[in-house]
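Heads up: the structure comes next, in structure tokens.
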Amino acid sequence: MHGFQLRVAYQGVPGAYSEAAAGKAYPNCEAIPCDQFEVAFKAVELWIADRAVLPVENSLGGSIHRNYDLLLRHRLHIVGEVQLPVHHCLLALPGVRKEYLSRVISHPQALAQCEHTLTKLGLNVTREAVDDTAGAAEYIATNNLRDTAAIASARAADLYGLQILADGIQDDSSNVTRFVMLAREPIIPRTDRPFKTSIVFAHDKGTSVLFKVLSAFAFRNISLTKIESRPHRNRTIRLVDDANVGTAKHFEYMFYVDFEASMAEVRAQNALAEVQEFTSFLRVLGSYPMDMTPWCPSRGDHQVP
């Protein structure tokens, strides 16, 4: 960015895991909080931000379908990925003891990811879902709630003046969320390092095309890292075309595929040319470097620099 500080949009408030992912993806960036996923997309489209960093799947909770749908509705490109270990803490106001609690609030996935540990801690409390983890911590601090705890990051505790009642309360220590980085323009694919390519396709004649598409990759020894179908039987979906004009189209299923190859490779180009013959809709969401950084599910890994 020629010396300018990169502005990176994320969903949530300061202390959210998405903010940590933005810091890992773009160290020393200016992180811009957005209250909704779609606001982060629009921030990049309107030049308010240079990038957006958004979650697309969790190793325990699966895909974040809302963001896959938004990728179709907006003309942004995936330019990278980052994997972030999720380290949950139980937070409350200073001086509050666990036996005082009657309620725990957090994002629904965070509540689900800590269910067994909360039971082991002997907490007979009501679980209540809110929009995001750090927002739960902020809500407790703002409203001085002494009967309520939040599940959020250690950074959220520091930001909102809460104490950590229990550290590392996720049921599975290998809990990882994958984020993608989005930009207005795609990057130029290369072959000097491992690349991943994400595509979405559909056929108006149903699912019979799937075997042919998979064969196009298998024949060329291209490994798939993700394949997922989304039913759209009873509703049309608005797709943004190259002219950035939304068109309502009806497909029975949408298929999302990630594969380990760069679009700079001839085998990937030939595979997609073959896929295009079998499908009535195909879009390359991005061809980008794979996140090859090793991670350890320890507390320090997810902190924003």
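Just so you know, these numbers come straight off a predicted model, no measurement behind them.
Listed by first and then second residue, the side chain to side chain donor-acceptor pair (under 3.5 Å) pairs that reach into residues 134-145 come to none, sequence neighbours excluded.
At distances below 3.5 Å, not a single donor-acceptor pair connects side-chain atoms of Ser106 with backbone N or O atoms of Ala150. Proximity of a side-chain donor or acceptor of Arg73 to a complementary backbone N or O of Asp69 within less than 3.5 Å is not detected. For the pair Arg184 (side chain) and Val44 (backbone), a donor-acceptor distance under 3.5 Å is present. Judged purely by atom type and a 3.5 angstrom limit, Glu228 has no side-chain atom pairing as donor or acceptor with the backbone of Phe255. No side-chain donor-acceptor contact under 3.5 Å links Thr279 to the backbone of Leu282. A donor-acceptor pair is defined here as one N or O able to donate and one able to accept, closer than 3.5 Å; such a pair exists between the side chain of Glu265 and the backbone of Ser262. No donor-acceptor pair closer than 3.5 Å links the side chain of His74 to the backbone N or O of Leu76. Side chain of Ser223 to backbone of Glu260: no donor-acceptor contact under 3.5 angstrom is found. Using a distance-only test at 3.5 Å, with no hydrogens or angles considered, a donor-acceptor pair links the side chain of Thr197 to the main chain of Ala261. For the pair Asp50 (side chain) and Arg7 (backbone), a donor-acceptor distance under 3.5 Å is present.
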Assess whether side-chain contact (heavy atoms from CB on, under 4.5 Å) is satisfied between Leu182 and Arg51, documenting all intermediate values. CA-CA 5 Å; Leu182 303 175; Arg51 301 284 188 275; over 6 Å; no

Walk me through whether Gln170 and Leu60 qualify under side-chain contact (heavy atoms from CB on, under 4.5 Å). CA-CA 11 Å; Gln170 62 277 2; Leu60 300 180; over 6 Å; no

Cys34 and Phe41: side-chain contact (heavy atoms from CB on, under 4.5 Å), yes or no, with the steps? CA-CA 10 Å; Cys34 302; Phe41 275 83; over 6 Å; no

Can Ile140 and Leu162 be said to form a side-chain contact (heavy atoms from CB on, under 4.5 Å), step by step? CA-CA 9 Å; Ile140 288 172; Leu162 303 182; 4.3 Å; yes

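Between Ile222 atom CD1 and Phe259 atom CZ the span is 6.0 Å, to the nearest 0.5 Å. Atom CZ in Phe281 sits 11.0 Å away from atom CZ in Phe201 (nearest 0.5 Å). Distance CD1/Ile187 to OG/Ser287: 7.0 Å, rounded to 0.5 Å. Taken from OG in Ser215 to CZ in Arg220, the straight-line distance is 10.0 Å, to the nearest 0.5 Å. His203 contributes atom NE2, which lies 15.5 Å from atom OH of Tyr253 (distance to the nearest 0.5 angstrom). Rounding to the nearest 0.5 Å places CG of Leu145 at 7.0 Å from CD1 of Ile105.
Under 4.0 Å is where a charged nitrogen must lie from a carboxylate oxygen, and between Lys212 and Glu277 no such pair does. Salt-bridge check for Glu81 with Lys196: passed, with a basic side-chain N closer than 4.0 Å to an acidic carboxylate O. The existence of a salt bridge linking Asp291 and Arg178 is excluded, since no basic side-chain nitrogen approaches an acidic carboxylate oxygen closer than 4.0 Å. A salt bridge is absent between Asp171 and Lys120; no separation between the charged side-chain nitrogens and carboxylate oxygens falls under 4.0 Å. Salt bridge annotation for Glu45-Arg75: absent, with no cationic side-chain nitrogen under 4.0 angstrom from a carboxylate oxygen.
The minimum heavy-atom distance linking Ser59 with Ser174 is given by the pair OG-O, 3.3 Å. Shown here for Phe278 and Val213, the closest heavy-atom pair between the two residues is CD1-N, 4.3 Å. Of all the heavy atoms in Thr117 and Ile169, the pair that sits closest is OG1-O, 2.9 Å. When every heavy atom of Glu19 is checked against every heavy atom of Ala31, the shortest pair comes out as CG-CB, 4.2 Å. The shortest non-hydrogen separation linking Ala202 to Met254 is CB-SD, 3.8 Å. Counting all heavy atoms, side chain and backbone alike, Asn67 lies closest to Leu54 at ND2-CB, 3.9 Å.
A donor-acceptor contact under 3.5 angstrom links the side chains of Asn58 and Gln113, judged on distance only. A donor and an acceptor atom, one from each side chain of Arg103 and Thr126, are nowhere located under 3.5 Å apart. Using modelled atom types, one finds a donor on one side chain and an acceptor on the other under 3.5 Å when comparing Ser63 with Lys226.
Under a cut-off of 6.0 angstrom, the local environment of CG in Asn124 is sparse, with at most 12 non-hydrogen atoms contributed by other residues, nucleotides or ligands. For His116, the NE2 atom counts as loosely surrounded, since its 6.0 Å shell holds 12 or fewer non-hydrogen atoms of other residues, nucleotides or ligands. A 6.0 Å sphere centred on CD of Gln269 holds more than 12 heavy atoms belonging to other residues, nucleotides or ligands.
You'll find the side chain of Tyr68 stays beyond 4.5 Å of the side chain of Arg66, heavy atoms only. A 4.5 Å side-chain heavy-atom check between Thr177 and Glu57 finds every atom pair outside the cut-off. Using a 4.5 Å cut-off on side-chain heavy atoms (C-beta onward), Pro55 and Phe37 make contact. Contact of the Arg127 side chain with the Leu118 side chain is registered, since non-hydrogen atoms from C-beta on lie closer than 4.5 Å. Side chains of Tyr26 and Val53 form a contact here, defined as non-hydrogen atoms less than 4.5 Å apart. Between Val96 and Asp147, every side-chain heavy-atom pair lies at or beyond the 4.5 Å cut-off. Side chains of Tyr256 and Arg230 form a contact here, defined as non-hydrogen atoms less than 4.5 Å apart. By the 4.5 Å heavy-atom criterion applied to side chains, Asp132 and Val13 are counted as neighbours.
With sequence neighbours left out, Arg97 forms a side-chain hydrogen bond (donor to acceptor under 3.5 Å, both in side chains) with Glu99.
In this structure, Ile32 is not a member of the same hydrophobic cluster as Val39, with clusters built from ILVMFWY side-chain heavy atoms closer than 4.5 Å. One hydrophobic cluster, built from ILVMFWY side chains closer than 4.5 Å, cannot hold both Phe219 and Val209; they sit in different ones. Linking Ile, Leu, Val, Met, Phe, Trp and Tyr whenever their side-chain heavy atoms come within less than 4.5 Å leaves Tyr10 and Met181 in two separate clusters. Taken together through direct or relayed side-chain contacts under 4.5 Å among Ile, Leu, Val, Met, Phe, Trp and Tyr, Leu90 and Tyr100 form part of one hydrophobic cluster. Cluster membership for Leu111 and Leu165, using ILVMFWY side-chain heavy atoms within less than 4.5 angstrom, is shared.
Between Tyr17 and His88, a ring centre-to-centre spacing shorter than 6.0 Å is recorded.
The hydrophobic cluster containing Leu46 also includes Ile48, under a criterion of side-chain heavy atoms closer than 4.5 Å among ILVMFWY residues, counted directly or through chains of members.
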